[in-house]
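Here's the structure, in structure tokens; my notes come after.
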Amino acid sequence: QVQSVESGGGSVQTGGSLRLSCAASGYTSRHYCMGWFRQAPGKERETVARISADTLTAFANITHYADFVKGRFIISRDNAKNTVYLQMNRLEPADTAMYYCAAAVGCDSRPSAYIYWGQGTQVTVSS
């Protein structure tokens, strides 16, 4: 089955850190733009961060961040492990959500452009 497998979520206090992992299953993540998304109860899914494909001849591994995580979150990839990471620092209660990763051919900001979704990993930040 082709999908992304997220892990690393948990419960932390305000100001804490977590590192999420997204393991690609059945596909090679370096060929794709990879994105992290989140969805809180009653809210729409929103894009958190993206990293362009590693195999591009130009503009490879370009990162994009939503304004609400700039300076706090870092997206990266480890091609040898076929895994993408989201390092989350200085977490806030507003970051509480289910976090998902997915792949896209282009590096569109819209979640609807992405495929190979996983089941998500829950992040809960308490004050």
Side-chain angles (χ1 to χ4, degrees):
Q1 186 175 4
V2 182
Q3 63 178 356
S4 303
V5 181
E6 303 94 341
S7 62
S11 296
V12 296
Q13 292 189 325
T14 297
S17 298
L18 285 171
R19 189 177 79 154
L20 306 184
S21 298
C22 169
S25 177
Y27 71 98
T28 304
S29 60
R30 65 186 294 258
H31 293 295
Y32 295 87
C33 175
M34 297 297 296
W36 280 99
F37 309 84
R38 69 187 189 187
Q39 188 166 20
K43 294 189 176 182
E44 292 188 354
R45 189 167 297 188
E46 56 186 2
T47 304
V48 175
R50 298 169 281 144
I51 183 168
S52 63
D54 179 67
T55 51
L56 294 175
T57 53
F59 308 110
N61 295 312
I62 299 297
T63 57
H64 307 266
Y65 297 95
D67 287 344
F68 52 79
V69 302
K70 277 182 181 176
R72 299 189 298 126
F73 290 11
I74 300 171
I75 187 170
S76 62
R77 57 167 86 233
D78 183 334
N79 295 329
K81 295 182 178 179
N82 204 19
T83 297
V84 175
Y85 301 98
L86 185 68
Q87 177 67 44
M88 305 189 297
N89 301 318
R90 304 200 326 262
L91 284 160
E92 306 166 352
D95 296 317
T96 296
M98 185 72 79
Y99 283 72
Y100 303 87
C101 72
V105 174
C107 221
D108 199 297
S109 62
R110 297 168 297 172
S112 60
Y114 287 75
I115 56 174
Y116 307 151
W117 291 87
Q119 297 300 308
T121 186
Q122 178 68 39
V123 171
T124 302
V125 185
S126 58
S127 57

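In this structure, Arg77 contributes its side chain and Tyr85 its backbone to no donor-acceptor pair below 3.5 Å. A donor-acceptor contact shorter than 3.5 Å is absent between the side chain of Thr47 and the backbone of Arg110. With hydrogens and angles disregarded, no donor-acceptor distance shorter than 3.5 Å links the side chain of Thr121 to the backbone of Glu6. With hydrogens and angles disregarded, no donor-acceptor distance shorter than 3.5 Å links the side chain of Ser17 to the backbone of Asn89. Remark: side-chain polar atoms of Ser25 are not paired, donor with acceptor, to backbone N or O of Val2 under 3.5 angstrom.
Connection of Val84 to Val48 is established within a shared hydrophobic cluster, with ILVMFWY side chains joined at heavy-atom distances below 4.5 Å, either directly or through further cluster members. Phe37 and Ile75 fall into different hydrophobic clusters, where Ile, Leu, Val, Met, Phe, Trp and Tyr side chains are chained together by heavy-atom contacts under 4.5 Å.
Taking 4.0 Å as the cut-off between side-chain N and carboxylate O, Arg50 and Asp108 do not count as a salt-bridged pair.
The shortest non-hydrogen separation linking Tyr99 to Met88 is CE2-SD, 3.9 Å. Minimum heavy-atom separation, Cys101 to Ser4: SG-CB, 3.4 Å. Counting all heavy atoms, side chain and backbone alike, Ala60 lies closest to Leu56 at CB-O, 3.6 Å. For Pro93 against Ser127, the heavy-atom pair with the smallest separation is CG-CB, 4.0 Å. Among all heavy-atom pairs drawn from Asn82 and Ser29, the shortest one is OD1-N, 2.8 Å. Arg38 and Val69 make their closest contact through NH1-CG1, 4.3 Å (heavy atoms, listed as atom of the first residue, atom of the second, distance).
You'll find the ring centres of Tyr27 and Tyr32 inside the 6.0 Å limit.
In this structure, the salt bridge (charged side-chain N to carboxylate O under 4.0 Å, His left out) partners of Arg30, at least two apart in sequence or on a different chain, are Asp54.
Side-chain contact of Thr83 with Asp78: a donor-acceptor pair under 3.5 Å is absent, judged by distance alone.
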